[in-house]
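What follows is a set of notes on a single structure, which appears directly below.
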Amino acid sequence: MAMAARTVAVLGASGGVGSAVVKKALANGFKVRALARSKSKAMAALGDEAFGQLDAFIEGDVSDASALAALLKDGGDEHPVVMSCLGTPKGMAPCVESGTRFLMDAMALRGWKRLVMISSIGVGDSLEQGRGMAPIFIRCIVPCFLSKVFGDLERAEELCWTERGGVKCVAVRPPALTDKPGRGNFTLASASDPRPSKTAKIPREDVAAAMVQLADPTAFGQWAGKGVTVVVP
Ligand SMILES: NC(=O)c1ccc[n+]([C@@H]2O[C@H](COP(=O)([O-])OP(=O)(O)OC[C@H]3O[C@@H](n4cnc5c(N)ncnc54)[C@H](OP(=O)(O)O)[C@@H]3O)[C@@H](O)[C@H]2O)c1
């Protein structure tokens, strides 16, 4: 069902989760503004139809203040939301903490007060839950191969909880992502939920649907200042 038109600004629109967020938000009637480092990569990820429906596309890096200013233009929307789908590309220096810092400062400057960011199961107070849902990943893979990426996510979340510049955040923490079609059968759980899914995989489309669901002011208010684990049965 289409919601009343509101504005979302998506970072990482050329990525797996980011492009799925753009498509889901458009399908739900949102006005969508998108930023990515490469226009051609974003067009390939979104397809001509979704790309053509964007309210604005800005080519730029998250560290580029003028690109962020263009993304966060005042559209007269009372409840605009930023969806940060930033991730560190393989072999690159972690970018999520620094990107979140740039982003929150730009949001504060332009009066955007709500941020939904992609994080991961196992980050912050979801560590124990992550050990239950994905024991080998959290106990072995993360410390051996992904400690820098997870350290970066930890610091990005901590930054979020400071409400820098009055910006409130929700961190969305999925288990392993897949490119299977979304089924819409996900639930949002807190880190202390006693019934986390044992299926530690979720389609990117379902994570995108969860993030777009959090654009609703009531849903956002319920989770603001917290991490949300997205689980499938
Ligand atoms: N993979 C998993 O199983 C898993 C599980 C749990 C959580 N997560 C989290 O989910 C995140 C998103 O996953 P994904 O599959 O969507 O990753 P992805 O496809 O690699 O997307 C990451 C996005 O971030 C953008 N980006 C990186 N650095 C940037 C910068 N400096 N300025 C602007 N944009 C920048 C990338 O742009 P370019 O296209 O230009 O590189 C890309 O659009 C992961 O990075 C991770 O933190 C992943």
Side-chain angles (χ1 to χ4, degrees), residues 9-24 33-46 50-51 57-68 70-72 82-104 106 116-124 126-127 129-130 133-134 136-138 141-142 145-157 159-160 170-180 182 186 196-197 199-211 227-232:
V10 182
L11 278 96
S14 55
V17 172
S19 58
V21 165
V22 168
K23 289 181 203 167
K24 187 69 184 171
R33 305 176 66 78
L35 178 143
R37 294 190 291 190
S38 154
K39 183 175 179 181
S40 57
K41 195 173 171 190
M43 286 179 87
L46 293 172
F51 191 85
F57 175 78
I58 291 97
E59 191 174 39
D61 193 281
V62 68
S63 61
D64 177 348
S66 60
L68 287 178
L71 179 72
L72 305 176
V82 175
M83 305 264 164
S84 176
C85 305
L86 291 177
T88 299
K90 235 180 184 161
M92 305 284 281
C95 66
V96 183
E97 181 202 4
S98 60
T100 305
R101 194 180 298 276
F102 285 124
L103 176 61
M104 289 177 82
V116 177
M117 68 163 275
I118 187 79
S119 179
S120 174
I121 186 71
V123 175
S126 72
L127 178 61
Q129 199 178 48
M133 290 169 70
I136 294 174
F137 181 73
I138 297 294
I141 311 282
V142 169
F145 303 107
L146 294 173
S147 58
K148 281 190 183 158
V149 169
F150 267 67
D152 185 47
L153 285 179
E154 292 277 358
R155 291 188 298 277
E157 279 203 10
L159 195 60
C160 281
V170 178
V172 174
R173 297 162 171 168
L177 303 173
T178 76
D179 285 323
K180 290 186 178 163
F186 59 86
S197 166
T199 311
K201 282 189 180 165
I202 187 167
R204 284 176 172 81
E205 279 183 9
D206 280 338
V207 176
M211 291 180 78
V228 181
T229 307
V230 197
V231 293
V232 291

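For ligands, and for the atoms within them, numbers begin at 1 and follow the listed sequence.
Counting the atoms of ligand 1 from 1 in the order shown, those under 4.0 Å from a heavy atom of G87 are 22 (C), 23 (C), 24 (O), 26 (N), 27 (C), 28 (N), 45 (O).
The shortest N/O to N/O separation between V62 and ligand 1 falls below 3.5 Å. Note: an N/O pair closer than 3.5 Å links K41 and ligand 1 by distance alone.
Contact annotation: for R173 versus ligand 1, there are no heavy atoms closer than 4.0 Å. Heavy atoms from both the backbone and the side chain of S14 come within less than 4.0 Å of ligand 1. At a heavy-atom cutoff of 4.0 Å, ligand 1 is contacted by the backbone of C85 but not by its side chain.
The shortest heavy-atom distance from G99 to ligand 1 is not under 4.0 Å. At least one heavy atom of S119 lies less than 4.0 angstrom from ligand 1. Not a single heavy atom of A36 sits closer than 4.0 Å to an atom of ligand 1.
The option from D61, L146, I118 that lies nearest to atom 10 (O) of ligand 1, judged by heavy atoms, is I118. Summarising the contacts of atom 38 (P) of ligand 1 with K90, R37, M92, R204, the nearest heavy atom is found in R37. By heavy-atom distance, the residue among A34, P174, G16, S19 lying nearest atom 19 (O) of ligand 1 is G16.
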